J.: 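I have a structure here, written as structure tokens, and I will follow up with some questions on it.
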Number of protein chains: 2
Amino acid sequence: MNKQDFEALDSFFHPRSIAVVGVSRDMAKAGTFYLQGLLRARFKGKTYPVNSNGGEILGLKAYARVADIPGPVDYVIVSVPRQSVLGVLDDCAAKGVKAVQLFVAGFSELGDEESLKLEGEMVKKARQGGFRLIGPNCIGLSCPAINFPLGPEAWLAEAGQVGFASQSGSLAGRLTQVGIARGIRFSKIVSFGNGCDLSGLDFLEYLALDPETRAIGCYLEGVEDGRRLFGLLKETASRKPMVFLKGGMTGPGARAALSHTGSAASSAELWTAVLRQTGGILVKNLEEMADALLAFQFLPFPVGRRLTIVSGLADGGGGEAVSATDTSINLGLEVPDFAPQTRHKLTALLGPVGSILHNPLDVSQAYSNHPLIARALDVAAADPNIDAIIIEAVMDNLLRDLPEMMVYAMIDVLIDFKRKQAKPVVVALPPSLSEADRKKTEKRLNAAEVPVYPSLERAARAIAHLHRYSEFRQGPSG
Amino acid sequence: MNKQDFEALDSFFHPRSIAVVGVSRDMAKAGTFYLQGLLRARFKGKTYPVNSNGGEILGLKAYARVADIPGPVDYVIVSVPRQSVLGVLDDCAAKGVKAVQLFVAGFSELGDEESLKLEGEMVKKARQGGFRLIGPNCIGLSCPAINFPLGPEAWLAEAGQVGFASQSGSLAGRLTQVGIARGIRFSKIVSFGNGCDLSGLDFLEYLALDPETRAIGCYLEGVEDGRRLFGLLKETASRKPMVFLKGGMTGPGARAALSHTGSAASSAELWTAVLRQTGGILVKNLEEMADALLAFQFLPFPVGRRLTIVSGLADGGGGEAVSATDTSINLGLEVPDFAPQTRHKLTALLGPVGSILHNPLDVSQAYSNHPLIARALDVAAADPNIDAIIIEAVMDNLLRDLPEMMVYAMIDVLIDFKRKQAKPVVVALPPSLSEADRKKTEKRLNAAEVPVYPSLERAARAIAHLHRYSEFRQGPSG
């Protein structure tokens with residue numbers, strides 16, 4: 001991507017003004033949702049409703065056509081029936097807008113000749129009009145730093161350094177929701193849909209160059225140019241982690257992708273091979289995508305393969321730790337023995353009975369004495385055989401065993417521990433009978449930049465992604 | 001297991017009276033926790049505190065020794081230092097109790113000669129005294145129907161038909177917590193620890209015969225008698241599903257298991273082969289165990305392999321459905337094309353544009369019109385190619401797009417749909433920004449006996465377990 005194209009795309013994510021075409025006083029229309037969403041999110045630019053009847057909508061003056069808007073219009077959101085789209089594009093050309101996002105569906109994803117032809121005509125109009133198209137069949141762009149929210153439902157994530165590009169609008173929306181809930185902070189989000197003009201690859205190349213983006217996630221159903229993706233990955237993955245979720249890896253999945261976004265199949269073997277060779281990271285579902293992005297957002301590279309798993313902050317944690325050890329080994333990680341001096345120190349701190357003073361480490365023998373647990377964590381993390389630390393905190397046990405003040409003192413032990421640790425620290429915080437307390441704890445840990453996972457297994461899987469990526473970056477000799 | 005042994009174990013789960021030894025006015029002691037837990041759960045039998053100083057504890061008269069208690073004592077919970085255990089067992093023999101549960105740890109799991117010898121002496125005392133031992137190093141039994149809660153933290157699940165036996169107390173506690181949160185209803189729960197007298201196999205044989213138990217879950221780290229387990233599985237799995245989580249399947253996991261419960265390793269290959277041959281179900285972690293038990297609790301057998309995945313109750317659901325289709329195929333399920341008449345009916349209902357009217361089915365074109373969605377669900381489920389239905393409901397989208405009343409009307413559509421369906425119906429209800437609404441919805445669905453999963457993938461995996469078990473039950477010709 002050349003400098004000019006990069007700057008064009010960058011400007012689309014930072015529009016000074018947005019017009020929404022297809023807004024009405026009918027609150028149940030998608031266009032009205034978009035307008036309302038921009039207002040609710042307090043979008044930092046100007047917002048203009050466009051409605052053929054004019055008048056006032058949600059307290060704003062509505063214009064009959066985009067060309068009627070007095071100031072400059074950088075970005076237009078179009079939510080009209082597909083047969084009206086070409087007329088709107090003429091209007092956008094007349095105004096001299098830079099980018100048009102088409103929420104409208106019913107084009108190449110249907111696969112019939114008429115729909116394909118209509119999509120082709122839209123691209124022609126864009127070329128002639130000197131603007132670019134995003135979509136159709138997409139929910140568009142988001143840039144949290146300027147309160148530019150995602151889609152008609154106007155999800156507004158925290159601003160940060162994770163970029164996400166998705167062929168599916170619903171999946172972009174879901175990842176954003178999960179990100180809001182779990183503390184993923186986004187630089188840019190894009191749902192590019194059919195990508196008839198600006199494609200998924202254009203957006204990926206943009207995110208690869210974007211200095212505001214440190215890690216990239218991507219949901220793809222098809223790729224129009226495998227060679228270009230390969231080149232992009234080769235160039236980018238050694239600088240920025242790129243995490244892929246590929247829809248349509250199986251026959252029926254590919255058939256579903258075809259009717260969803262009109263994407264043709266490509267084999268699972270090919271994808272896996274290309275990503276392995278180029279350092280791209282392949283995940284299997286939305287949850288694993290969020291887990292990986294959370295790790296890449298917060299944790300330092302490189303990450304070695306040797307874990308310690310600590311449980312028993314309140315009550316025992318033996319069974320889960322044994323099971324998580326099995327999982328970690330199967331993911332290519334190690335849960336090595338502690339060095340002899342570590343074992344001696346732990347025995348001196350916690351005593352030999354009732355705890356697992358090996359690795360995984362069950363600290364329940366400390367009976368939730370948090371200064372003692374803080375010292376045990378320091379001892380375990382200082383072990384020369386250990387590269388990364390997973391701590392399980394079970395809210396239900398903590399809340400049952402301790403007064404509330406002590407529960408949060410225990411969480412602060414984890415935060416202090418993380419602050420002084422050079423080694424990566426993650427916390428497994430399983431679903432709780434008191435989700436309110438669990439969310440409060442998760443937010444507290446997120447604020448301290450500790451990635452939080454809903455199970456030991458998912459924490460281990462996220463570390464495994466970081467570790468494999470670290471190995472790739474360091475090269476075969478690393 | 002003979003009738004007499006079955007009846008003995010059954011009586012342990014239904015004690016008329018429980019004495020807790022090791023109770024004091026110090027509220028931070030495990031024994032006191034047990035006593036408090038029995039009171040809080042409103043255990044339906046009698047509860048007696050035992051403390052060498054007598055007096056009154058939590059409003060109850062404390063007895064210096066078990067033998068001093070005036071009425072009969074069926075079950076004794078022992079939480080004293082290990083060097084005091086033998087004396088307590090003499091006291092239990094004098095009283096003529098039937099079962100003694102040893103919360104105490106520090107025996108064979110430590111692996112040293114002294115600890116092994118002490119455990120042997122306890123068993124001898126039990127034989128001589130005519131009572132049985134549960135543990136040591138365990139949190140004991142639970143029977144929700146009589147408000148007999150689990151462990152010192154006194155988790156009390158809903159009463160139902162799922163039995164669970166665990167070598168790990170913490171894992172038994174966690175599964176119970178998860179069960180309470182997710183609507184798993186338990187007949188009996190047991191943490192059997194080192195199993196020095198009554199072993200895990202004894203409890204499994206009991207649950208296999210127990211008419212109150214319809215499905216069995218089990219966490220094991222080691223098996224003292226592989227042949228006996230094999231026989232039990234062969235005898236039971238064709239009548240009741242038995243779901244296993246095996247800790248220590250890898251070298252380091254086995255090492256951790258050894259220091260946790262003193263269990264020797266057995267290979268992953270052996271386990272997998274034995275379970276496959278006998279119809280046992282192997283899961284990889286606590287979450288998958290809960291997912292499978294929830295399915296076996298609520299869903300009818302047999303379950304075929306052909307799924308439909310429905311998304312888009314509010315907003316689109318295309319990307320997640322494509323990804324879940326891939327997952328389902330990789331699990332050995334099918335997501336087949338709908339029959340032509342189904343496609344015609346769906347097109348007539350929802351129109352061709354913007355929705356996936358194939359399978360997976362995206363009903364977002366109904367724009368959350370719930371009578372229309374109800375009809376689309378009926379059409380999809382009536383398809384002769386479909387054996388089971390997974391519906392994704394995304395609370396964040398529903399709450400954003402609909403007034404609250406309409407959100408719950410939509411959930412009621414799912415409940416009505418399930419009520420009239422002979423085919424299994426499950427709901428994927430991902431974590432939400434509003435966990436309070438999500439939990440409310442989950443409870444509503446649970447009350448209607450709909451299993452609820454936190455992701456499409458986990459829903460598909462649960463159905464895959466049901467399907468494989470169904471195939472086993474029907475035999476190779478089925």
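The figures that follow rest on heavy atoms only: side chains count, while hydrogens, waters and symmetry mates do not. Below, read A as the first sequence line, B as the second, and so on, with proteins coming before strands; counting in each chain starts at 1. Given the structure is predicted, the values throughout are model-derived calculations rather than measurements.
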J.: Taking Thr325(A) for the side chain and Gly253(B) for the main chain, is one N or O donor matched with an acceptor at less than 3.5 Å?
T.: no
J.: Against chain A, label Ile180(B) side chain, backbone, both or neither, depending on which of its atoms sit under 4.5 Å from a heavy atom there.
T.: both
J.: Counting only heavy atoms not in Glu114(B), do more than 12 sit closer than 6.0 Å to its CD atom?
T.: no
J.: For the residue pair Ser455(B) and Glu287(A), what are the closest heavy atoms and their distance?
T.: CB-OE2, 3.3 Å
J.: Closest heavy-atom contact between Ser170(A) and Gly318(B)?
T.: OG-N, 3.2 Å
J.: Is chain A contacted by the side chain of Tyr367(B), its backbone, both, or neither, given a heavy-atom distance below 4.5 Å?
T.: neither
J.: Examine whether an atom of Pro430(B) lies under 4.5 Å from a heavy atom of chain A, and if so say whether it belongs to the side chain, the backbone or both; otherwise answer neither.
T.: both
J.: Given 3.5 Å as the limit, does a donor-acceptor pair link the side chain of Arg255(B) with the main chain of Asn359(A), or not?
T.: yes
J.: Would you say that more than 12 heavy atoms from the other residues, nucleotides or ligands in this model lie under 6.0 Å from the NZ of Lys29(B), or not?
T.: no
J.: For the interface with chain A, which of Leu286(B), Val104(B), Leu433(B) has the highest count of heavy-atom pairs at distances below 4.5 Å?
T.: Leu433(B)
J.: At a heavy-atom distance under 4.5 Å, which candidate from Val178(B), Val335(B), Leu245(B), Asp337(B) has the highest pair count against chain A?
T.: Asp337(B)
J.: Name the member of Ile139(A), Val394(A), Asn330(A) that forms the most heavy-atom pairs with chain B at distances under 4.5 Å.
T.: Val394(A)
J.: Is the closest side-chain donor-acceptor distance between Asp326(A) and Thr250(B) under 3.5 Å?
T.: yes
J.: Of all heavy-atom pairs between Pro360(A) and Ala256(B), which one has the smallest distance, and what is that distance?
T.: CD-CB, 3.4 Å
J.: Measure the spacing between CZ of Arg438(B) and CD of Glu435(A) and express it to the nearest 0.5 Å.
T.: 8.0 Å
J.: Name the region of Arg182(B), side chain, backbone, both or neither, that has any atom closer than 4.5 Å to a heavy atom of chain A.
T.: neither
J.: Is it the backbone or the side chain of Glu320(B) that comes under 4.5 Å from a heavy atom of chain A, or both, or neither?
T.: both
J.: Indicate yes or no: at least one non-hydrogen side-chain atom of Glu334(A) is less than 4.5 angstrom from one of Pro252(B).
T.: no
J.: Which pair of non-hydrogen atoms, one from Thr327(A) and one from Lys284(B), has the smallest distance, and what is that distance?
T.: OG1-O, 4.3 Å
J.: Do you see a donor-acceptor pair shorter than 3.5 Å between the side chains of Gln177(B) and Asn397(A)?
T.: yes
J.: Working to the nearest 0.5 Å, report the span between NZ of Lys246(B) and OG of Ser323(A).
T.: 10.5 Å
J.: Please give me the minimum heavy-atom distance between Asp396(A) and Trp155(B), naming the atom from each residue.
T.: O-CH2, 3.6 Å
J.: Do Asp401(B) and Glu153(A) come close enough that some side-chain heavy atom pair is under 4.5 Å?
T.: yes
J.: For chain B, find which of Ala154(A), Gly151(A), Pro152(A) contributes the most heavy-atom pairs closer than 4.5 angstrom.
T.: Ala154(A)
J.: Please classify the contact between Ala436(B) and chain A as side chain, backbone, both or neither, with a heavy-atom cut-off of under 4.5 Å.
T.: neither
